[in-house]
Amino acid sequence: MQFNMIEKIRQTNPLIHNITNIVVANYVANGLLALGASPIMADAEQEVAELATFTSALVLNIGTLDAVKVKAMLLAGKAANQQGVPVILDPVGVGATSYRKQAVAELLQQVKFTAIRGNAGEIAQLAGVAWSAKGVDAGEGGADIAQIAQQAAQRYQCVVAVSGEIDYISDGKQLAKIANGTPMFPKITGSGCLLGAVIGAFLALDQQNPFIAVTQACTAYAVAGEIAAQHLQATQYGQFYTGLLDSLAALTDQQVQQLAKVTLLGGDDE
Amino acid sequence: MQFNMIEKIRQTNPLIHNITNIVVANYVANGLLALGASPIMADAEQEVAELATFTSALVLNIGTLDAVKVKAMLLAGKAANQQGVPVILDPVGVGATSYRKQAVAELLQQVKFTAIRGNAGEIAQLAGVAWSAKGVDAGEGGADIAQIAQQAAQRYQCVVAVSGEIDYISDGKQLAKIANGTPMFPKITGSGCLLGAVIGAFLALDQQNPFIAVTQACTAYAVAGEIAAQHLQATQYGQFYTGLLDSLAALTDQQVQQLAKVTLLGGDDE
Amino acid sequence: MQFNMIEKIRQTNPLIHNITNIVVANYVANGLLALGASPIMADAEQEVAELATFTSALVLNIGTLDAVKVKAMLLAGKAANQQGVPVILDPVGVGATSYRKQAVAELLQQVKFTAIRGNAGEIAQLAGVAWSAKGVDAGEGGADIAQIAQQAAQRYQCVVAVSGEIDYISDGKQLAKIANGTPMFPKITGSGCLLGAVIGAFLALDQQNPFIAVTQACTAYAVAGEIAAQHLQATQYGQFYTGLLDSLAALTDQQVQQLAKVTLLGGDDE
């Protein structure tokens, strides 16, 4: 895979609209800036549809969800669909409560997503596979994660990214396994949510090849984390939180190309 | 006192439900992760009661309170009481406005708290003692803080922790004075709020001895701050903000045991 | 210009009430603490007016605006006006949507502001000058920024600060150009919002000379950024985010005096 999108993001500064939660809003905005994109965080029902006329991607993140936000997400998602703006879903802790399950079901029914990103527990929930999640954490399950990714991708006809020690990306046919990353990712809050927004920035550049764009996004992000963790002790979570921004800001396509551990499986040529 | 709870937190990763404010939600989540607990931040009335069925502690923090959050807190608190989940109150700036006073009065009336954590001004307000607070800051007052802690503990029949240069913990009978800490704590936002959540993580492990759990929590946290501030200049607040997370993540029971400056007074053996 | 307000802020710790957005609430609170002021973040309609009786400045920031916040801002703004508390407006992304335009128009109609701070795109929008903004970013326009500042100041009869590579401050007659700063400011989220709050802290000390207070605030802040960026690589945004707090906390009036690049134009003596 030819990694070539980071430079383009820096040149075009795509404007990424995020409806997200109170925990990670700051980090997601800083992460998008570091990558070279422009964040706009807005969730008033009066303005979210209008934003679709000039933003390049929409990221819906259901952490700290409430009825007001669900309404805004539906309005924003439908407007983005009409305008041809790619929409990304981050179903944070979707299995944790009935409310989140219902809200996500409604979003998936009324909005066409270009990509969904979650941890194994969240995507297993969407794929209808048994899994023992823990709150908003991934948890553990017996099922094969690659298969879960594929199943969810087929069910919702979009690209699905499952984040974890190994990232699995599937569009229902093709599958990418990304072996980059660092055990520090789950030790900071919002590392998954920021990846959701990063996927938005990559899809803003290339909607025609969403599987490639999502795979590049996940690889770039995992490599940035790897670099950030390189000179840290295993418990320096605070430093990692800060350093990941530095690492994203300094990241080049060449670095990603050099460090990427991506395996592509399936697809038309099989 | 035998300090032995941090390792257990890291082994069991208790899931701590926080209904908190927009200022500190991120830091509280990161701090809990650093400690080894799992945070879940959720405040929709549709889901907060359900969370009580599988979380290990509930922390209610009234910074940036509004009517929607009060409603969610009441639902969550009652559900936690029914499930036997310990509930912690952080009455941020309770003396600042009538609205906060009323909201906290309602919470205290309808929910049984295992512990309350605040600064001297906040706890004096709850204890009905005259005190000159300043917004959400502690302020100054003539009364004896140990007595305020004791009085509040007796009134609300729970463990009360008063944070400050010296921390005072009381269950109405016993009293602990903790002389650890650093003057940098009040220089960063959310340092008190994070302590409230840390208390939640300790109480998740041991509800049977809440006075011990809260005293251990406050000691561990104060020691973590002490270590984080050790090599910093007095004005490096930003570094301290980040370093406190690193320090919490690296903290061991042995370190706490070694550095603890805890005086225990009162109790049954007096 | 004699720079002499930072020490006074540290001595008096003015209490600054912020109604702000979920993205920057944490950073604004930490930044005010670093400067030596006391932040209080509160936006419940039940309490915002009461806060005006004991706070020293009110900062209204419209990022992540919604109907509930607009209502709270109107209540808080009117109460502050009645109490003689200076009110600062930060019209984040005001040109981005009709909703923000309407909300800001309503705020400007019903509340008397002492100062408005924004980037060139935002202030151009308020001044009624054509400008091509980009979401919440400044964007580009052909008009003269000094003139935009002056026009907005005259229209709203207050001091206007336009942040950018060069900051322009005007009260409609006088104009200050500040050539301090760093290209890293727009690379972190909330750097403009924090400046809005810093202006609040300076105006809390001196409402009689708002043009001077705002010019000193913007200069001090730009110098703090300059110092924070000094030893960083151009892509260390994360380090800058943290370091700006350290820099604000260590900043002295003497440093500002020494490093200030301020040009004063216009005013009564022309």
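Computed from a prediction, not measured in an experiment: that's the story for all the values here. Lettering follows sequence order; numbering is per chain, from 1.
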Q: Can you see which heavy atom on C:Y99 is nearest to which on A:E50, and at what distance?
A: N-OE1, 4.4 Å
Q: Mind ranking A:A42, A:G243, A:A34 by heavy-atom pairs under 4.5 Å with chain C and telling me who comes out on top?
A: A:A34
Q) Under the side-chain contact (heavy atoms from CB on, under 4.5 Å) criterion, do A:D246 and C:Q236 qualify, and how do the steps go? A) CA-CA 5 Å; A:D246 293 358; C:Q236 291 185 303; 3.8 Å; yes
Q: Show your working on side-chain contact (heavy atoms from CB on, under 4.5 Å) between A:N30 and C:I188 and close with a plain yes or no.
A: CA-CA 6 Å; A:N30 268 326; C:I188 60 169; 3.8 Å; yes
Q. Hey, is CD on A:Q230 packed in by over 12 heavy atoms from elsewhere, all under 6.0 Å?
A. yes
Q.
Please determine whether the number of non-hydrogen atoms from other residues, nucleotides or ligands lying under 6.0 Å from atom CD of A:Q233 exceeds 12.
A. no
Q: Select one option (side chain, backbone, both, neither) describing which atoms of C:Y237 are under 4.5 Å from chain A's heavy atoms.
A: both
Q: Look at atom NZ of C:K71 and say whether more than 12 heavy atoms of other residues, nucleotides or ligands are closer to it than 6.0 Å.
A: no
Q: Working to the nearest 0.5 Å, report the span between NZ of C:K187 and CG of A:L245.
A: 13.5 Å
Q.
For a quick test of reading the model, state the closest non-hydrogen atom pair linking A:L33 to C:P186 and the distance between them.
A. CD2-O, 3.8 Å
Q. Where does C:L65 contact chain A at under 4.5 Å (heavy atoms): side chain, backbone, both or neither?
A. backbone
Q) Does atom CD of A:E165 have more than 12 heavy-atom neighbours from other groups under 6.0 Å away? A) no
(Q) Quick check on A:E47 against chain C: is it the side chain, the backbone, both or neither that has a heavy atom closer than 4.5 Å? (A) both
Q. Does any heavy atom of chain C fall under 4.5 Å from the side chain of A:N21, the backbone, both, or neither of them?
A. backbone
Q: Considering non-hydrogen atoms only, spot the tightest contact between C:I22 and A:T20 and give its length.
A: CD1-O, 4.3 Å
Q: Nearest 0.5 Å please: distance from the OH atom of A:Y241 over to the OH atom of C:Y241.
A: 8.0 Å
Q: Give me the one residue out of A:L32, A:N26, A:V28 that meets side chain to side chain contact (heavy atoms under 4.5 Å, CB included) with C:T189.
A: A:N26
Q | From C:D66 atom CG to A:E45 atom CD, the distance as rounded to the nearest 0.5 Å | A | 9.5 Å
Q | Other residues, nucleotides, ligands: >12 heavy atoms within 6.0 Å of A:E7 CD | A | no
Q.
Can you tell me which portion of C:S98 sits under 4.5 Å from chain A's heavy atoms? Options are side chain, backbone, both or neither.
A. both
Q) Which atom pair, heavy atoms only, marks the closest approach of C:V23 to A:A25? A) CG1-O, 3.9 Å
